[in-house]
Participant: 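To start, I am sharing the structure in question, which I have written as structure tokens.
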Amino acid sequence: MTTPGTPPPPPQWGQQPPQPSPPPQPLRNGLGVASLVLGIIGVLCGLVPLLFWAAGVLAVLALFFGCVGIGRARKGQADNKGVAIWGTSLGAVAAVLTVVGLAITITVVNDTVDELHSTGGKKESTAGKAPRSDTLRFGEAFAYDDGVKVTVSRPASLQPGTYALGHAEGNKALTVRITVVNGSDESIDLDLTTVTFKDADGAEAQKVYDGGLPRELAGHLAPGKQSVATYAVSLPRDAARTLDVQVEPGFLHYKSVTWSGATS
């Protein structure tokens, strides 16, 4: 028996001295709350298409903080698992809105650029018949509103030379002549012309570069003048039934037009 103020007796032989209980660990709820706040702000930003970039950043942070917060709740280090789950869910919603906002922005920008820089036009009818589709047949001409006219000839067979580039053995090589007539009042920069070929499967075909062919459309075409160039292309045999030729005489100034038809 001890009296007040007397220290406890020493432990007997074989007994462990009493250990002080560890202090309780503070709950770490901060990341769960941060995830919820960032998720809410991210969703609000995602509803505004021009703020899709901010929604994307907030979505990433909300998802990261929310996942860490859920992990802490499972370990007993936090007691706001529901808050972290809500933050993660809102972060996912913000990510989806980011993708939608990006798609809307790209579409609007492309449409605006086309309206500002593209020159419209129409294809000329053949033998008095009205055109029935946007795709032209080989030999038909497309006239832009400013007077520029483009024609793509029917494909012709080509026997590439020994040192031709872009042609694979077993492929079918073809040539087309592209004619540009400048009926406008200003010079055209043909260096900005883009020509794309696609085979019957819709895959982009390889251009062939052979020393015996004229050069591609290039240089400045004065008003009232025309320029003719021959392009060569190599098509896989199993996709050489048809050929699509897409021509854009001036980048961001003239809209692209497609000619399509059989190769033989």
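Note that the coordinates shown come from a computational prediction; the quantities given were computed from them, not determined experimentally. Below, each value reflects all heavy atoms present in this structure, side chains not excepted, and no hydrogens, waters or symmetry copies.
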Participant: Tell me the closest heavy-atom pair linking L174 and S157, and the distance in Å.
Facilitator: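 That closest heavy-atom pairing would be CD2-CA, 4.1 Å.
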Participant: Quick one: side chains of residues 99-106, donor-acceptor pairs under 3.5 Å with protein atoms, not counting sequence neighbours, listed by atom name and distance.
Facilitator:
unit_1	atom_1	unit_2	atom_2	d
T105	OG1	G101	O	2.8

Participant: Give the cluster check for V181 versus V152: same hydrophobic cluster or not, with ILVMFWY residues linked at side-chain heavy-atom distances below 4.5 Å.
Facilitator: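 The answer is no; the residues belong to distinct hydrophobic clusters.
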Participant: Within the 4.5 Å heavy-atom criterion, are S184 and V148 side-chain neighbours or not?
Facilitator: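 They are in side-chain contact.
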Participant: Determine whether V257 and V195 fall in the same hydrophobic cluster, where Ile, Leu, Val, Met, Phe, Trp and Tyr are linked whenever their side-chain heavy atoms lie under 4.5 Å apart.
Facilitator: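 Shared cluster, yes.
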Participant: Could you list the donor-acceptor pairs under 3.5 angstrom formed by side chains in residues 54-77, with sequence neighbours left out?
Facilitator:
none

Participant: Do you know which two heavy atoms are closest between T175 and A232, and how far apart they sit?
Facilitator: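 In terms of heavy atoms, the two residues are closest at CG2-CB, 4.0 Å.
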Participant: What heavy-atom pair brings K255 and P249 nearest, and what distance separates the two atoms?
Facilitator: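 Heavy atoms only, the tightest pair is O-CD, 4.3 Å.
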Participant: Show your reasoning for whether side chain to side chain contact (heavy atoms under 4.5 Å, CB included) applies to Y144 and V150.
Facilitator: CA-CA 8 Å; Y144 291 94; V150 181; 3.9 Å; yes
Participant: In this structure, which one of V180, T179, T151 forms a side chain to side chain contact (heavy atoms under 4.5 Å, CB included) with Q226?
Facilitator: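 Only match with Q226 under side chain to side chain contact (heavy atoms under 4.5 Å, CB included): T179.
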Participant: Only counting residues at least two apart or in another chain, list the ones meeting side-chain contact (heavy atoms from CB on, under 4.5 Å) with Q246.
Facilitator: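 Listed in chain order: T196, S256, T258.
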Participant: Residues sharing L50's hydrophobic cluster, by side-chain heavy-atom contacts under 4.5 Å among ILVMFWY, directly or via others?
Facilitator: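 Its cluster mates, by chain and number: none.
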Participant: Heavy atoms, side chains only, cut-off 4.5 Å: are N182 and K225 in contact?
Facilitator: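 Side-chain contact under 4.5 Å: no.
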Participant: Is there a path of hydrophobic side-chain contacts, each under 4.5 Å between heavy atoms of I, L, V, M, F, W or Y residues, that connects V96 with V43?
Facilitator: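 Not linked; separate clusters.
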Participant: Please report, to 0.1 Å, the donor-acceptor pairs under 3.5 Å made by any side chain of residues 79-92, with sequence neighbours excluded.
Facilitator:
unit_1	atom_1	unit_2	atom_2	d
D79	OD1	N29	ND2	2.7
N80	ND2	N29	O	3.1
T88	OG1	A84	O	2.9
S89	OG	I85	O	2.9

Participant: For K198, look at atom NZ and say whether over 12 heavy atoms of other residues, nucleotides or ligands are found less than 6.0 Å away.
Facilitator: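 Open.
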Participant: Nearest 0.5 Å please: distance from the OG1 atom of T193 over to the OH atom of Y254.
Facilitator: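 Result: 10.0 Å between the selected atoms.
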Participant: Which heavy atom of D191 sits nearest to which heavy atom of G219, and what is that distance?
Facilitator: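 Looking at all heavy atoms of both residues, the closest pair is OD1-N, 2.9 Å.
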Participant: Might you point out which heavy atoms bring E216 and Y209 nearest each other, and give the distance in Å?
Facilitator: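 In terms of heavy atoms, the two residues are closest at OE2-CE2, 3.5 Å.
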Participant: Side-chain contact test, heavy atoms from C-beta onward, threshold under 4.5 Å: evaluate it for L243 versus V176 and give yes or no.
Facilitator: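 When only atoms from C-beta onward are counted, V176 and L243 do touch, with a gap below 4.5 Å.
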Participant: Report the distance from atom CG of L221 to atom CG of D189, rounding to the nearest 0.5 Å.
Facilitator: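 One gets 10.5 Å once the value is rounded to the nearest 0.5 Å.
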Participant: Return yes if some donor-acceptor pair links the side-chain N/O of R154 with the main-chain N/O of G139 below 3.5 Å, else return no.
Facilitator: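 No; zero donor-acceptor contacts below 3.5 Å.
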Participant: Any sub-3.5 Å donor-acceptor pair from D201's side-chain atoms to A203's backbone N or O?
Facilitator: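 No, because the side chain of D201 does not come within donor-acceptor range (under 3.5 Å) of the backbone of A203.
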Participant: side-chain hydrogen bond (donor to acceptor under 3.5 Å, both in side chains) with S234: which residues, sequence neighbours excluded?
Facilitator: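 Applying side-chain hydrogen bond (donor to acceptor under 3.5 Å, both in side chains) to S234 gives H167, N171.
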Participant: Quick one, K207 and V233 - any side-chain contact, counting heavy atoms below 4.5 Å?
Facilitator: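 No, every pair of side-chain atoms sits at 4.5 Å or beyond.
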Participant: Between D210 and G161 (side chain of the first, backbone of the second, donor and acceptor by atom type, cut-off under 3.5 Å), is there such a pair?
Facilitator: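 Yes.
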Participant: Of the non-hydrogen atoms in F138 and G261, which two are nearest, and what is the gap between them?
Facilitator: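 Answer, listing the atom of F138 first, then G261: CE1-N, 3.3 Å.
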Participant: Just verifying a value: how many Å separate T135 OG1 and D244 CG, rounded to the nearest 0.5 Å?
Facilitator: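 Output value for this atom pair is 7.0 Å.
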Participant: Could you tell me if the side chain of L235 sits less than 4.5 Å from the side chain of F197, heavy atoms only?
Facilitator: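 Not in contact.
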Participant: Are any side-chain N or O atoms of Y231 and backbone N or O atoms of L217, one a donor and one an acceptor, separated by less than 3.5 Å?
Facilitator: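 Checked: pair present.
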